[in-house]
Amino acid sequence: MGTFRAFRHMVKDSLDYITHGSKTYHIWMIFLTVIMLIGMYCYSIQLDEGLSVTGMTDRVSWGLYISNFTFLVGVAAAAVMLVMPTYVLKDIDFKQAVLIGEGLAVAALVMCLAFVVADMGGPSVLWHMIPGIGVFNFPNSMLAWDVIVLNGYLFINITIPLYILFRHYQGKEAQSKIYIPGSIISVLWAVAIHLVTAFLYQGLQARPFWNNALLGPRFLASAFAAGPALIILVLAAIRKFSEFKIEDKTISKIAMIVTVAAQINLIMLISELFKEFYAPTHHSESAYYLFFGLEGKSALLPWIWTSIPLNILATVLLTFHKLRNNFKVLYFCCFILFVAIWIEKGFGLIVPGFIPGPYGKIAEYTPTWIEIWVTLGIWAMGAFVFTMLAKTSIGIELGKLRYKKKKVLESETA
Amino acid sequence: MGDKKKWFQLDLGLNKKQVVAGSCGCGKTSGGCGSHAPEPPKNEHTISAEEFDTAVEQELMEETMVGQTRKDGFQQVFDVKMDRRTAFRKLTASLLVGAGAVHTSCSVTAGEEAKEKAQIDWEEQFKGNYKLMTQEEKQATVDRLVRSYQLRKKENIKMSATDASKDVLFGYAFNISKCQGYMDCVSACVEENNQDRNSQMQYIRIHEMKDGEGFKFNEADDNYYHEVPAEGHFYMGTQCFHCDNPPCVNVCPVQATWREEDGLVVVDYDWCIGCRYCMAACPYDGRRFNWSKPEVPEDEINKNQHYLGNRLRKKGVMEKCTFCVQRSRAGKDPACVEACPTGARIFGNLLDPDSTIRWVLENKQVFRLKEDLGTEPKFWYFMD
Ligand code: SF4
Ligand code: SF4
């Protein structure tokens, strides 16, 4: 019963803590709320009129939503790459980064699920997908697998940090016996969510652009570059805006992960490009469309030609220790790497899969404003969720939030 | 044909010598033939469906005003089902979210009709997957849909839930030499299947290709508006090919689309969640999605419907060619076959050795599209 009471207190204290903060904090949260509201309004239009308000058609039937979903699965998976060294190898450096990383994973997963729901034609019958009540096409459908692994992953990533924070909140040490098995599972699971999501596309013989054995591994590599890159940026922001101490060593170590992953990703990109363009077949047309356009249709050219140079530039800069250890350069690299991979693994991957169509028709896709605002709204929601999670865990880790310790809030409101 | 198969293969028994008359000529793999299974009690249902249809016909003749107090044919049918419906309601009551529907159905002041409408909506919202329904459940949902239409539009429709019959596997052949690109099939299909007129949804696409250049689909025009046949061109129609190993069915996360015993690949519009994964998986551009609410002018609605076929759809669900299940299971040719002025379209039962389609397969040089994908379409092309 005592545990239960403590838990109730923790929830209450966190809520208090979340609603108090500096001016910057409030402005930030209001900003996110406004974007979320606009997104919700646009989504209500979409609910009302149907998906015809988006740019998607029978020819290109997945667009911005599924692109962002795909990318964010990668971010979610990568956040946990930091877990392994900390919990298992007892690498103290990462300890603070990990709670942030897992918070990021949770936020990314929430966004993933929101994007999937936004993409559905019939959100009111989504219960058809709930195992037990609905009918689940398991194990045949990769989407069914994806639903399972994503929700499982969400569960793991909520429970582990919750356990640790809860112990710390009570002023006790978290028992490694309990959370280490959990973290090992979550690391394996992270690989699984990413591979399964890649299989979703890889398994379609109808779409040669996706039906490619390298897709899964490349997903992993790019995710382990983009995810930690985002973590570095977030840690930098946290360092700036809170008293939470994050050592330079931690950031340098994560930068190392980013660098290696970015290098591997680049190698795989070269291998893919070689295959598509050295001996082009009928199946290379999608890639050709992506990089050079087909029959005068070239909507994706500006995007992919932004992505590739940014990707190369970031990888090259990161490769040099001197440059990487300069934090200004590092942050810049992380930012452009993140953008590059968002383009490449987002609609640079999804849209060309549909172009040319099964009979060679080239119909292009341009997202509408409604679609864009819904997307922004979901990103804002992710940022909102993450800010709340991060603030609470920082509060607990700094000892500001403690069971039976009153009035810590004053210092915050100041 | 080897015993061990490394991949799926459509087996019509074409390679075997014709077996004794009366027994079934189908192979064992495709599952298209039910004759190896013990006699199923399917016939019982067919009768009751017929009975229902007679009731509807009577109804149509009598032209009873809806909402009259006297017991009409429909209400009789509904009364019988009442027990099961009550049970169903109890089961789903715990799922109660949209309290509005129930509120109306319980309120005393609301009219009888509104109550019934609300109850139908409620049961429709929480019904199961058609594929897994028992015969009675299938009939019940069909009854509800018919009644709902009657309540809303004050008009009667006829909807069937006829199941696949055994010893039937539908197949289709397309004569490239005959097709002149008139597109009569396209308009017949749109009218027969109540497709959305706003977005001009069409299941069939006719590709106009240049003579002497072979099948260059990417250079073909599938959206022409000029006089046909155009000089120096030939035409080829595509639609859903009802693959025997359909990738679209495998990927659906909720089993809202499946292959029926007679080879038709169908969609349960009420179970589909609109994820469009099947659309991405189809290599033949066979599927169409309702991006907005489909509209069919009232006087153009085809009232002879099938649950899995041309009944009215809603927004956000997938649909596709069903080889006109409402016609083909009633022993008729699909609308496109009937409409074609040149006789380029041939439809029939692949398991019947005397059918035209079998004659074509056995006597013409036939081919299918993208055979390397292993989807085994039941749609063949041939030339004279
Ligand atoms: S043609 Fe496409 S939609 Fe039709 S059965 Fe084959 S894969 Fe499915
Ligand atoms: S769109 Fe409908 S039929 Fe197609 S895969 Fe999704 S749920 Fe299944």
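Side chains included, hydrogens not; waters and symmetry mates left out as well; all remaining heavy atoms used. Note that this is a predicted model, so its numbers are computed, not measured. Lettering of chains follows the sequences in order, A, B, ..., and the numbering in each one begins at 1.
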Closest approach of A/Met56 to B/Arg276 (non-hydrogen atoms, all atoms of both residues): SD-NH2, 3.4 Å
Heavy-atom pair count under 4.5 Å with chain A, highest-scoring of B/Asp270, B/Thr238, B/Leu132: B/Thr238
Within 6.0 angstrom of A/Trp379 CH2, more than 12 heavy atoms from elsewhere: yes
B/Gln200, CD atom: more than 12 neighbouring heavy atoms under 6.0 Å: no
Under 3.5 Å: donor-acceptor pair, side chain of A/Asn137, backbone of B/Asn250: yes
Straight-line distance of A/Ser141 OG to B/Gln255 CD, nearest 0.5 Å: 9.5 Å
Nearest non-hydrogen partners of B/Lys315 and A/Gly50, listed with the distance: CD-CA, 3.7 Å
Which portion of B/Ala220 sits near chain A, non-hydrogen atoms under 4.5 angstrom: backbone
B/Lys314 side-chain N/O to A/Gly122 backbone N/O, donor-acceptor pair under 3.5 Å: no
Region of A/Ile350 in contact with chain B, defined by heavy-atom distances below 4.5 Å: neither
A/Val53/B/Trp291 under side-chain contact (heavy atoms from CB on, under 4.5 Å): CA gap, chis, key distance, verdict: CA-CA 8 Å; A/Val53 298; B/Trp291 298 94; over 6 Å; no
Whether B/Gln125 side chain and A/Ser124 backbone form a donor-acceptor pair below 3.5 Å: yes
B/His207 and A/Tyr359 aromatic ring geometry - parallel, tilted or perpendicular at 30°/60° bounds: perpendicular
A/Arg59/B/Asp222 salt bridge by N-O under 4.0 Å criterion: yes
Test item: A/His128 side-chain N/O and B/Val254 main-chain N/O as donor-acceptor pair under 3.5 Å: no
Heavy-atom donor-acceptor pair, A/Asp58 side chain to B/Phe289 backbone, under 3.5 Å: yes
Distance in Å, A/Trp62 CH2 paired with B/Met279 CE, rounded so as to fall on 0.5 Å steps: 11.0 Å
Leading residue by heavy atom contact count with chain A [cutoff under 4.5 Å; candidates B/Ile273, B/Leu369, B/Asn218]: B/Ile273
Main-chain N/O of A/Pro358 paired to B/Lys370 side chain as donor or acceptor, under 3.5 Å: yes
Top contributor to chain A contacts, counting heavy-atom pairs under 4.5 Å, from B/Ser199, B/Cys272, B/Cys252: B/Cys252
B/Tyr277 side chain to A/Leu200 backbone, donor-acceptor under 3.5 Å: yes
Flag side-chain contact, heavy atom, 4.5 Å: A/Leu204 against B/Val251: yes
Main-chain N/O of B/Ala280 paired to A/Arg207 side chain as donor or acceptor, under 3.5 Å: yes
Shortest non-hydrogen contact between B/Pro247 and A/Gln205, atoms and distance: CB-OE1, 3.8 Å
Atom OH of A/Tyr41 with >12 non-hydrogen neighbours under 6.0 angstrom: no
B/Pro253 to A/Ala144 - nearest heavy-atom pair and separation: CB-N, 4.2 Å
Interatomic spacing from CD1 in A/Ile133 to CZ in B/Phe126 - rounded to 0.5 Å: 9.5 Å
From CA spacing to verdict: side-chain contact (heavy atoms from CB on, under 4.5 Å), B/Cys275, A/Asp119: CA-CA 7 Å; B/Cys275 66; A/Asp119 189 65; 5.6 Å; no
For B/Ala281 against A/Ala206, the heavy-atom pair lying closest together: O-CB, 3.3 Å
Selection from A/Leu126, A/Asp146, A/Thr57 maximising heavy-atom pairs under 4.5 Å formed with chain B: A/Thr57
Within 6.0 Å of OH in A/Tyr288, more than 12 heavy atoms from elsewhere: no
Point-to-point distance, once rounded to the nearest 0.5 Å, from OG of A/Ser61 to CE of B/Met318: 6.5 Å
More than 12 heavy atoms of other groups within 6.0 Å of A/Phe155 CZ: no
A/Phe354 versus chain B, the contacting section by heavy-atom distance below 4.5 Å: side chain
